[in-house]
There are 2 protein chains.
Amino acid sequence: MPTTTASRRREQAKFEYNAFLALCPTRQLLDSLSDKWVCLILAALADGPLRYSDLARQIAGVSQKMLTQSLRSLERDGLLIRTVTASVPVRVDYELTALGESLMPVVRAVKIWAETHMDEVLAARAAYDGEG
Amino acid sequence: MPTTTASRRREQAKFEYNAFLALCPTRQLLDSLSDKWVCLILAALADGPLRYSDLARQIAGVSQKMLTQSLRSLERDGLLIRTVTASVPVRVDYELTALGESLMPVVRAVKIWAETHMDEVLAARAAYDGEG
DNA sequence: CTGTATCCTGTTCGATACTG
DNA sequence: CAGTATCGAACAGGATACAG
């Protein structure tokens, strides 16, 4: 059997797997959560609605661009709602939806594991880097 | 009060926040998990040890470079162990550590939420995109 | 078999400036 | 106040070739 066939089969498998991943719900969720700021926004909104500028102040490290972009993404996914109050100056509030709140236990699970075990991870890293 | 002072204060806050984030265990964990392949590797190893080529076959979409890179990262974090058997040809097995296994419930929590709610997210996306 | 090294492409993201 | 638009540097990540 020629090599070309085997390599073609591999490419085919890769293609199918990538198509599968594109549809895989877990991967899609992970893609959203992996955004650097998404979890921080969710956590900030867990205590109640906040205005744009409140978020910008609480999550001090984020750029305007990324904050807006992440908020849009979360809004699009139905995890939060954006309420514009047409006053002068305009006022925009962000609030978790029920769907967004249902995600919080997952975020908290991540947080709890991190706070419980991250020192072990850091120790492992130090040991690994030490050995060189 | 001159504007420069306010802007300097903002920069200072941003700097401090970024320093805080760099130390925040949750952020560090999220940074690891957000790697495209890490969760897939963890899931693949949840059922037992696998060889490099087994992983490459199961996670068909990954490039050699990223697979190796992700495995090294997980090894460094103490989540899996890499065992080299010096035969010809050489054989390398990867296996979750206790620490790695302790992370699995978190990964599963993400998976369960995704499988339960991702259709709502997709519906929200469709609605959002439809409105334009 | 299990990688490492290199090149090269697309994407991400911060900074900056501008708008309703 | 709450964004939008644009530019450029930095990085991620795939393809390919090579090595122990």
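So that the names make sense, note that chain A is the first sequence line, chain B the second, and so on, each numbered from 1.
You'll find the side chain of M66(A) stays beyond 4.5 Å of the side chain of K36(A), heavy atoms only. The side-chain heavy atoms of L74(B) and L96(B), taken from C-beta on, include no pair separated by under 4.5 Å.
Clustering ILVMFWY residues whenever any of their side-chain heavy atoms sit less than 4.5 angstrom apart, transitively, puts V38(A) in a cluster other than the one holding Y128(B).
Defining each end axis of the helix from dC1(C)-dG20(D) to dG20(C)-dC1(D) as the rotation carrying four pairs' C1' atoms onto the next four, with five pairs an end, the two axes are found to diverge by 50° to 10 degrees.
Regarding D31(B), its CG atom lies at a distance of 14 Å from the P atom of dC11(D), rounded to whole Å. For the pair K14(B) NZ and dG14(C) P, the computed distance is 8 Å after rounding to whole Å. Distance Q64(A) CD to dC1(D) C1': 10 Å, rounded to the nearest Å. The nearest whole Å value for the distance from the CG atom in L67(B) to the P atom in dC1(C) is 14 Å. We find that CH2 of W37(A) is positioned 16 Å from P of dT12(C), with the value rounded to whole Å. Rounded to a whole Å, the OH atom of Y17(B) is 17 Å from the C1' atom of dG14(C). Between M66(A) atom CE and dT6(D) atom C1' there is a gap of 16 Å when expressed in whole angstrom units. Taking atom NZ of K36(B) as the reference point, atom C1' of dA12(D) lies 11 Å away to the nearest angstrom.
Taking 4.0 angstrom as the limit, R51(B) places a side-chain polar atom (N or O) nearer than this to OP1 or OP2 of dT2(C). For R91(B) and dT2(C), the shortest distance from a side-chain N or O to OP1 or OP2 is not below 4.0 Å. Between S53(B) and dT2(C) there is a side-chain N or O to OP1 or OP2 distance below 4.0 Å. An OP1 or OP2 oxygen of dG3(D) is reached within less than 4.0 angstrom by a side-chain nitrogen or oxygen of Y94(A).
In this structure, the separation between CD1 on I81(A) and CD on E75(A) is 9.0 Å, given to the nearest 0.5 Å. Once rounded to the nearest 0.5 Å, the distance linking CG of L33(B) with CG of L103(B) reads 5.5 Å. Atom-to-atom distance recorded for T97(A):OG1 and L80(A):CG is 7.0 Å, nearest 0.5 angstrom.
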CA sep, side-chain torsions, deciding dist, call: W37(B), L67(B), side chain to side chain contact (heavy atoms under 4.5 Å, CB included): CA-CA 7 Å; W37(B) 305 108; L67(B) 179 55; over 6 Å; no
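Residue V92(A) places its side chain closer to dA2(D) than to any other of dC7(C), dA2(D), dC1(C). Of the candidates dG3(D), dG14(D), dA15(D), dG3(D) carries the atom nearest the R72(A) side chain, counting heavy atoms from C-beta on.
The shortest heavy-atom contact between E120(B) and L99(A) is OE1-CD1, 3.3 Å.
Each of T68(B) and V62(A) was matched to the nucleotide of DNA chain C holding its nearest heavy atom; the match closer to the 5' end belongs to T68(B). Summary of the strand contacts: R82(A) and G61(B) both lie near DNA chain D, and taking for each the nucleotide with the nearest heavy atom, the more 5' one is attributed to R82(A). Between K65(A) and L71(A), the one whose closest nucleotide on DNA chain D sits nearer the 5' end is L71(A).
Using a 4.0 Å heavy-atom cutoff across all strands shown, Q69(B) reaches no nucleic acid atom at all.
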